[in-house]
Amino acid sequence: QLQLVESGGGLVQPGGSLRLSCAASGFTLDSNAIGWFRQAPGKEREGVSCISGTGYITTYADSVKGRFTISRDNVKNMVYLQMNSLKPDDTAVYYCAARIPSYGRTCLINPRLYEYRYWGQGTQVTVSS
């Protein structure tokens with residue numbers, strides 16, 4: 001079964017940090033651009049960050065620039081999202097997904113959800129005091 005599995009979420013106080021992990025099952029990530037997305041209650045799913053297949057290109061939503069860092073380890077078949085200086089507005093379910101190669105192996109500033117597949121179940125991040 002081809003899927004991505006997110007982990008690392010939890011409850012953290014404002015200003016705290018979390019590191020999310022995205023693990024691939026049934027396929028290798030190394031040729032795929034991988035995106036992190038989030039969905040807060042009552043809101044649409046939005047792109048947070050993306051890393052190209054080579055890892056040389058990364059993009060971030062304006063709301064997380066300077067606080068979040070995306071990285072990948074193709075040997076371990078993993079993608080990570082380091083989240084620092086967390087704010088209550090970061091509270092959401094976080095998902096990772098792989099960009100369908102026919103759309104490209106790089107990242108767009110404004111990702112289109114339909115270009116991504118192998119969505120996981122998500123991991124809950126709650127930022128609250």
Side-chain angles (χ1 to χ4, degrees):
Q1 183 178 2
L2 307 179
Q3 63 177 357
L4 294 170
V5 179
E6 305 91 345
S7 62
L11 173 63
V12 63
Q13 293 186 342
S17 298
L18 283 174
R19 188 195 195 203
L20 304 185
S21 298
C22 174
S25 176
F27 69 105
T28 56
L29 291 175
D30 58 2
S31 62
N32 294 272
I34 301 297
W36 280 99
F37 301 80
R38 67 186 181 186
Q39 188 165 18
K43 295 187 177 180
E44 294 186 351
R45 192 168 299 189
E46 63 176 359
V48 175
S49 184
C50 176
I51 187 166
S52 65
T54 62
Y56 294 144
I57 296 173
T58 58
T59 60
Y60 298 93
D62 287 343
S63 59
V64 306
K65 279 181 182 176
R67 301 188 297 121
F68 291 11
T69 303
I70 192 171
S71 62
R72 66 190 301 155
D73 185 334
N74 286 342
V75 173
K76 294 182 178 180
N77 217 24
M78 299 283 291
V79 173
Y80 306 98
L81 186 68
Q82 177 67 41
M83 307 188 296
N84 299 327
S85 302
L86 284 161
K87 305 175 181 180
D89 284 349
D90 296 318
T91 296
V93 178
Y94 284 71
Y95 303 87
C96 61
R99 194 177 187 202
I100 299 170
S102 60
Y103 289 110
R105 300 187 187 280
T106 186
C107 299
L108 299 179
I109 298 297
N110 296 305
R112 296 180 282 258
L113 299 184
Y114 64 82
E115 295 183 358
Y116 287 79
R117 62 183 177 180
Y118 305 146
W119 294 87
Q121 294 300 308
T123 185
Q124 175 70 47
V125 171
T126 302
V127 184
S128 175
S129 56

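Only a predicted model underlies this, so the values are computations on that prediction, with no experimental measurement involved.
- Of all non-hydrogen atoms in A23 and M78, the two that sit nearest each other are CB-SD, 3.4 Å.
- Summarising the geometry, atom CD1 belonging to I57 is positioned 3.5 Å from atom OG1 belonging to T106; distances are rounded to the nearest 0.5 Å.
- Listed here is the closest heavy atom pair of A24 and L29: CB-CG, 3.5 Å.
- When the options C96, C22, S71 are evaluated for a side chain to side chain contact (heavy atoms under 4.5 Å, CB included) with Y80, the one that passes is S71.
- Atom CG of L18 and atom CD of Q82 lie 8.5 Å apart (nearest 0.5 Å).
- Pairs passing the ring pair (Phe, Tyr, Trp, His ring centres under 6.0 Å) check and including a residue from residues 12-54, sequence neighbours excluded, read F27-Y118, F37-Y116, F37-W119.
- Nearest heavy atom pair, residue S85 against residue R67, reads O-NH1, 2.9 Å.
- Partners of R38 according to the salt bridge (charged side-chain N to carboxylate O under 4.0 Å, His left out) rule, which considers only residues two or more places apart in sequence or in another chain, are E46, D90.
- For the pair T91/Q124, a side-chain contact is recorded, criterion being any heavy-atom separation below 4.5 Å from C-beta on.
- Of the N and O atoms on the side chains of T126 and S128, not one donor lies less than 3.5 Å from an acceptor on the other residue.
- Linking Ile, Leu, Val, Met, Phe, Trp and Tyr residues whenever their side-chain heavy atoms come within less than 4.5 Å leaves L2 and Y95 in two separate clusters.
- Note: I70 CD1 to M83 CE = 11.5 Å, rounded to the nearest 0.5 Å.
- No side-chain donor-acceptor contact under 3.5 Å links R45 to the backbone of Q39.
- Side-chain atoms of N84 and S17 form a donor-acceptor pair, as typed in the model, at a separation below 3.5 Å.
- Counting only heavy atoms from C-beta outward, the side chains of L108 and T59 never approach each other to under 4.5 Å.
- When hydrophobic residues (I, L, V, M, F, W, Y) are linked wherever their side-chain heavy atoms come within less than 4.5 Å, the members clustered with I100 are Y103, Y114.
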Next item on the list: Start with the C-alpha distance between L20 and E6, add both sets of side-chain angles, then the distance that settles side chain to side chain contact (heavy atoms under 4.5 Å, CB included), and finish with yes or no.
Entry: CA-CA 7 Å; L20 304 185; E6 305 91 345; over 6 Å; no

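- Contact between P14 and S129 at its shortest, heavy atoms only, is CD-N, 3.7 Å.
- Between R99 and N32, the closest heavy-atom pair is O-OD1, 3.6 Å.
- Hydrophobic clustering (side-chain heavy atoms under 4.5 Å, transitive across Ile, Leu, Val, Met, Phe, Trp, Tyr) groups L81 together with V12.
- Between I109 and P111, the shortest heavy-atom contact is O-CD, 3.3 Å.
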Note to self: Q13 vs L86, test: side chain to side chain contact (heavy atoms under 4.5 Å, CB included). Steps then yes/no.
What the structure shows: CA-CA 8 Å; Q13 293 186 342; L86 284 161; over 6 Å; no

